[in-house]
Amino acid sequence: MEMTDGAGVLTQKNDYSVWAIPPEDVGERLKKLMGGLRSEFGGPEIFQPHITVVGAMSLTEQEALEKFRSACEGLKPYHAKADSVVAGAFPSQCLYLLFQSTPEVMDASAHCCRHFGYKRSNQYMPRLSLLYGTLTKEEKKAAQEKAYLLDESINGMNFQVSRLALWITDREDKGNLETWKLIAECSLSRD
């Protein structure tokens, strides 16, 4: 959607999301698992393993960057602990790793949502998508089993979130996610 501001300058709105990014070693472990699942069950490549902190909101890039910087300034690193591999109802939640809804995780999302003015329609469910796609119930069950074969200790995954990323995540892109793009990253500080 293209609009002009009061000065007649063209501004474009996109869908922006905030993601919690696992540490590199955890990210590599997850990419290996995701690749193994994708090779058997198909679906687009998920750019970067992530836990969605703030869902897609329509903003200009300047608005999104300002809100992102503001949210990052007041947020400290926090821990995330995996709970189980779950099959979901939507293509973007075909198979995901559900994380425990600890006060730390819930507070981090609530903090960022306040800065973005984001109102959830449902309670926050911290999750990391492992596989995008449309599978039958039987295929989803097979994919769950395969996830545990590929990484038998996935339920015990535990890491510190110390990076957030701002992405364009076009809700209309239901295919190969070519329109999704990293806009900014920030490292969370203990101070």
Side-chain angles (χ1 to χ4, degrees), residues 1-24 26-27 30-31 34-35 38 42-78 80 88-99 105-134 161-189:
M1 172 189 320
E2 290 186 352
M3 300 170 30
T4 58
D5 66 11
V9 177
L10 190 64
T11 57
Q12 181 173 341
K13 289 200 173 198
N14 289 299
D15 292 332
Y16 291 88
S17 298
V18 177
W19 295 351
I21 308 300
E24 274 190 50
V26 175
L30 288 163
K31 283 179 187 177
M34 295 156 89
R38 200 173 54 257
E45 183 174 349
I46 300 171
F47 297 104
Q48 182 172 37
H50 64 276
I51 301 170
T52 301
V53 177
V54 179
M57 290 188 67
S58 182
L59 300 164
T60 66
E61 187 168 327
Q62 182 178 348
E63 290 170 331
L65 284 167
E66 286 171 5
K67 291 173 188 295
F68 181 65
R69 285 186 191 113
S70 172
C72 288
E73 281 175 13
L75 189 62
K76 296 188 180 336
Y78 61 95
F90 303 104
S92 64
Q93 297 174 17
C94 180
L95 194 70
Y96 59 87
L97 187 57
L98 182 64
F99 282 79
V105 168
M106 301 303 276
D107 289 349
S109 177
H111 168 89
C112 290
C113 286
R114 277 192 303 277
H115 282 270
F116 274 81
Y118 183 78
K119 306 277 190 250
R120 290 190 192 287
S121 53
N122 299 315
Q123 183 175 346
Y124 178 53
M125 185 175 67
R127 66 186 178 281
L128 187 147
S129 292
L130 298 172
L131 183 66
Y132 285 5
T134 307
V161 173
S162 59
R163 280 188 313 151
L164 294 183
L166 178 69
W167 279 73
I168 288 180
T169 52
D170 182 358
R171 289 175 272 199
E172 300 303 313
D173 187 342
K174 308 283 190 222
N176 56 13
L177 313 180
E178 285 181 349
T179 61
W180 289 24
K181 185 171 92 174
L182 174 65
I183 300 301
E185 277 196 19
C186 76
S187 293
L188 304 178
S189 171

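Any value given below was found using the heavy atoms of this structure, including those in side chains, with hydrogens, waters and symmetry copies removed. Nothing fancy with the numbering, it's 1 onward along the sequence.
Cys112 meets the disulfide (SG to SG under 2.5 Å) test with no other residue; sequence neighbours excluded. Evaluation of the side-chain hydrogen bond (donor to acceptor under 3.5 Å, both in side chains) rule for Gln123 yields no partner, not counting sequence neighbours.
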Exercise. Would you sort out whether Leu164 and Phe68 count as a side-chain contact (heavy atoms from CB on, under 4.5 Å), showing the intermediate values?
Key: CA-CA 9 Å; Leu164 294 183; Phe68 181 65; 3.9 Å; yes
Quiz item: side-chain contact (heavy atoms from CB on, under 4.5 Å) between Ser109 and Arg120: does it pass, once the steps are laid out?
Solution: CA-CA 11 Å; Ser109 177; Arg120 290 190 192 287; 2.2 Å; yes
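Here the straight-line distance linking atom CG of Leu166 with atom CZ of Phe116 works out to 5.5 Å at 0.5 Å rounding. A distance of 13.0 Å separates CG in Leu131 from CG in Leu97, rounded to the nearest 0.5 Å. Going from atom CZ of Arg38 over to atom CG of Leu130 covers 11.0 Å, rounded to the nearest 0.5 Å. Leu95 CG to Ser129 OG: the interatomic distance, rounded to the nearest 0.5 Å, is 9.0 Å. The CD atom of Glu61 lies 11.0 Å from the CD atom of Glu66; values are rounded to the nearest 0.5 Å. To the nearest 0.5 Å, atom SG of residue Cys186 and atom CD1 of residue Ile21 are 10.0 Å apart.
In this structure, the side chains of Lys76 and Leu188 stay at 4.5 Å or more apart for every pair of heavy atoms. Side-chain contact between Val105 and Phe99 is absent, with no heavy-atom pair separated by less than 4.5 Å. At least one side-chain heavy atom of Leu98 sits less than 4.5 Å from a side-chain heavy atom of Met125. Considering only heavy atoms from C-beta on, Gln48 comes within 4.5 Å of Trp167 through its side chain.
The closest donor-acceptor contact from the side chain of His111 to the backbone of Ala71 lies under 3.5 Å. Between the side chain of Glu63 and the main chain of Thr60, a donor-acceptor pair closer than 3.5 Å is present.
Taking both residues in full, the closest heavy atoms of Ala108 and Tyr78 are given as CB-CE2, 3.4 Å, listed atom of the first, atom of the second, then distance. Here the closest non-hydrogen pair linking Thr52 and Tyr124 is O-OH, 2.8 Å. Counting all heavy atoms, side chain and backbone alike, Gly27 lies closest to Pro49 at O-CG, 3.7 Å. Of all the heavy atoms in His115 and Lys67, the pair that sits closest is O-CG, 3.6 Å. The minimum heavy-atom distance between Ala184 and Leu65, with the atom names listed, is CB-CD2, 3.7 Å. Shown here for Met57 and Tyr118, the closest heavy-atom pair between the two residues is CG-CD1, 3.2 Å.
Checked options Val161, Leu182, Thr169; the residue passing with Trp19 is Thr169 (criterion: side chain to side chain contact (heavy atoms under 4.5 Å, CB included)).
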